[in-house]
Protein chains: 2
Amino acid sequence: MSTGHRKRATIRDVALAAGVSVSTASNALNGQGRTNSETRDRVKRIAEEIGFRPNALARGLLSRRSHSIGVITNDTYGRLTLPMTAGVSEALVDHGVSVFLCATNNDPRLAQLHLEALLDKQVDGIIFTATRLDHTPHVDLSSLPMPVVYAFAEGPANSVSFVPDDSQGARLAVEHLISLGYRRILHITGPEDFVAVRRRATAYRGCLDAMGEKSEVMFGAWGEEWGHEAVHRILSRPEPQPDAIFCGSDETARGVIDALRDHGLSVPSDIAVVGFDNWHVVAAQTRPALTTIDMGLKELGRKAGLAMLDLTQGKPVEFGIKAIGCSLVIRKSCGAV
Amino acid sequence: MSTGHRKRATIRDVALAAGVSVSTASNALNGQGRTNSETRDRVKRIAEEIGFRPNALARGLLSRRSHSIGVITNDTYGRLTLPMTAGVSEALVDHGVSVFLCATNNDPRLAQLHLEALLDKQVDGIIFTATRLDHTPHVDLSSLPMPVVYAFAEGPANSVSFVPDDSQGARLAVEHLISLGYRRILHITGPEDFVAVRRRATAYRGCLDAMGEKSEVMFGAWGEEWGHEAVHRILSRPEPQPDAIFCGSDETARGVIDALRDHGLSVPSDIAVVGFDNWHVVAAQTRPALTTIDMGLKELGRKAGLAMLDLTQGKPVEFGIKAIGCSLVIRKSCGAV
DNA sequence: GTGAAAGCGCTAACAC
DNA sequence: GTGTTAGCGCTTTCAC
């Protein structure tokens, strides 16, 4: 059985077979310079026949563009990284750019190792990504010989960053509840030291303030357990109870919904619930299925990829932190028709 | 503010600064040939000082080794791919090998595009990965000019493949139940057309047959909903009821546990439950937390990475499909102390 | 021990 | 239009 480890055809083989010089072959293949259309077609046909593919290493050496970029992430689990990286990759593959994925596992040594490998490989740019917006790289990205883009992370002021618009996402959720007539809306969310948590909470308060309604935020751990605990707490205090709960994560929302059911309250007729993340495995399987906010991570990745493309091509790119709009996904837990 | 886009130091700069020729600098840096130890140290020191890093493109062009490999996956969601790729990457980063991640999204055009980009970039090898063992690549990997390794996928007989040992994993689960005294063990699992589902079911039946106990397998869709439905079905038939349920996925197990609770049965005192996957977001948050089987995906990725390393270095690698052992993770739903 | 020269595969000036 | 030449950054004979 052929292992297929035959030597690969080079442009010399093409030139030889076509009876032209290497440079003519190159010109013909790349449509550069003046080439007789007949020779050009012949060269192209022969290249196709012998399965010639240009060596990107050689090209890169000359052009100083490797057509590859690196994505550095601290996320091994993949919930945020993979959709985002898929978006990046999708934006770039049509331009022949491939993506090195480097998971640092929050280990500075690993981060440094990966970074050095990327630099050696002459990547055209680096995208830094993290599990939380206020996470900082374990390596110095401030003076690299190539552009750096931050995705789901906030870089320094003179950099290009893309983050989900947490404020707008929270507003989307709360305004949805308000439009359905809910007024006593509670916010159960994650730990206050997450910047995203604070932004969502602030936006939530803003909406209720504008309506002249009271607001209340309960900070806690991420996860379902906190949802249970929070519900127990509020149900054991005097009336009036909230008529809707906006949760800072789908996991918390799931905990909230389960706890409400345990207490004999039904969602959404007794209390409506909206989550945040649209993490399918959670949101689609709560009972009832969860109305939630989608951060559009893939699109965020696509935007980051396109910005990187522009940067590598020397096109002007607006600096600063760009907030990407979230969208509302309506399921049964609130507002389904 | 410096953008840092200064021209990078080449080996010529090092040679110039050290007052030696380029070839001597090269020898010194790589410890090749005969070099005066004093010159060698000087060259190395100067290289360090001016921040010289060898250009991997130039090196690769010469050595025909790019020190990069490609991972092709159809998984955009990331549950399986990312831990595995992290394992691959972890095994390789210390050897200076970086990993291109290519998500095909099950689109043949995209798969072809990615494959061509990888070939052009002279990757030293390709690892193919999928969301299910019996998924086939959308591109022809049979006669590539570099080695191919299959991870969580079964390649042709003359290839190197790593898969979880589904049979052993299932046995682990069932034997755990048996050792705890359970005898009427039911298996609620996924769709029968998955090879992994069939293997787990066969191993399950084998264990019960060996004990002289009856076995029963219920195939269905993956997901929690199927868990609910299956429980409703069994509880509405005549006695005797199972005393334990082995589920083919954590999601199904979660559905089963929730449904049992709805019916006033408690886990594990009335019925014990074991899952499969150890998908943290599911397994850790069921009530009670789920005893389940871990497929060791990261380790599987590491093994695949190491095999790839050997292949690229021309070392002998055993062909065929290697099954990687699963492990039992004990939580509250069965067997916790 | 060290350096000059050749060449990996490709592209871009510049003659012809 | 086409071919010759030079060179991207590096490693590797092979003289000296």
Side-chain angles (χ1 to χ4, degrees), chain A residues 6-44 46-47 50-68 96 117 119-124 145-146, chain B residues 6-44 46-47 50-68 96 117 119-124 145-146:
Chain A
R6 203 166 51 259
K7 196 171 179 309
R8 297 157 79 159
T10 77
I11 197 168
R12 291 177 67 142
D13 301 324
V14 177
L16 219 65
V20 294
S21 76
V22 172
S23 56
T24 303
S26 174
N27 279 341
L29 290 169
N30 299 312
Q32 297 290 354
R34 307 145 297 211
T35 333
N36 187 320
S37 70
E38 190 216 321
T39 11
R40 191 178 57 237
D41 292 348
R42 184 160 43 90
V43 169
K44 284 194 166 171
I46 289 177
I50 65 178
F52 167 76
R53 304 232 88 218
N55 183 326
L57 264 40
R59 275 191 156 174
L61 189 53
L62 214 44
S63 67
R64 292 149 187 298
R65 291 207 48 202
S66 64
H67 288 275
S68 59
L119 289 172
D120 292 356
K121 271 148 198 149
Q122 315 290 116
V123 291
D124 301 331
M146 67 272 292
Chain B
R6 203 166 53 260
K7 198 172 178 307
R8 294 152 89 153
T10 76
I11 198 168
R12 291 178 67 142
D13 301 324
V14 177
L16 219 64
V20 295
S21 76
V22 171
S23 51
T24 302
S26 174
N27 280 341
L29 290 169
N30 299 311
Q32 298 288 354
R34 307 146 295 212
T35 333
N36 186 320
S37 70
E38 190 217 318
T39 11
R40 192 177 56 235
D41 292 348
R42 183 160 43 89
V43 169
K44 282 194 169 174
I46 289 177
I50 65 179
F52 168 75
R53 304 232 87 220
N55 183 326
L57 263 40
R59 276 193 154 172
L61 189 53
L62 217 42
S63 67
R64 289 147 191 298
R65 291 207 49 201
S66 63
H67 287 275
S68 59
L119 290 172
D120 292 356
K121 271 148 198 151
Q122 316 291 115
V123 291
D124 301 331
M146 67 272 293

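To find a chain, count down the sequence lines: A is the first, B the second, and so on, and within it residues start at 1. Please read all numbers here as calculations on a predicted model, not as lab measurements. Atoms considered below: every heavy atom in the structure, side chains included; atoms not considered: hydrogens, waters and symmetry mates.
- B/Asn55 places its CG atom 14 Å from the C1' atom of C/dG9, with the value rounded to the nearest Å.
- Atom CZ of B/Arg12 and atom P of D/dC10 are 10 Å apart (whole Å).
- Atoms CD (A/Glu38) and C1' (D/dT2) sit 14 Å apart, rounded to a whole Å.
- Following rounding to the nearest Å, B/His67 (NE2) and C/dC8 (P) show an atom-to-atom distance of 19 Å.
- B/Thr35 places no side-chain N or O within donor-acceptor distance of the main-chain N or O of B/Arg40, the cut-off being under 3.5 Å.
- Residue B/Thr39 is the one, among B/Ala58 and B/Thr39, whose nearest nucleotide of DNA chain C lies closer to the 5' end (criterion: closest heavy atom).
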Base-contact (B) and sugar-phosphate-only (S) positions in nucleotides 11-16 of chain D, heavy-atom cut-off under 4.0 Å, - elsewhere: BB--B-
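- Taking atom CG on B/Asp41 and atom C1' on C/dG1, their separation rounds to 14 Å, with Å as the unit.
- Nearest heavy-atom pair, A/Ser66 versus A/Asp124, reported as atom, atom and distance to 0.1 Å: N-OD1, 2.9 Å.
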Can you list, pair by pair, the side-chain donor-acceptor contacts under 3.5 Å of residues 22-29 of chain A, counting residues two or more places apart and other chains?
from: A/Ser23; atom 1: OG; to: A/Ser21; atom 2: OG; distance (Å): 3.1
from: A/Thr24; atom 1: OG1; to: A/Ser21; atom 2: OG; distance (Å): 3.1
from: A/Ser26; atom 1: OG; to: A/Asn30; atom 2: ND2; distance (Å): 3.4

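- Scanning all heavy atoms of the two residues, the minimum distance from B/Val123 to B/Met146 falls at O-CE, 3.1 Å.
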For residues 9-19 of chain B, which side-chain donor-acceptor pairs fall under 3.5 Å, sequence neighbours excluded?
from: B/Thr10; atom 1: OG1; to: B/Arg12; atom 2: N; distance (Å): 3.1
from: B/Asp13; atom 1: OD2; to: B/Thr10; atom 2: N; distance (Å): 2.8

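- At whole-Å resolution of the value, CG in B/Leu57 and C1' in C/dG7 are 17 Å apart.
- Ranking C/dC10, D/dG9, D/dT2 by closeness to the B/Leu61 side chain, first place goes to D/dG9.
- Between the B/Arg8 side chain and the A/Leu119 main chain, a donor and an acceptor come within less than 3.5 Å of each other.
- Between the CZ atom of A/Arg42 and the C1' atom of D/dT2 there is a distance of 12 Å, given to the nearest Å.
- Note: CZ (B/Arg53) to P (D/dC10) measures 12 Å, nearest angstrom.
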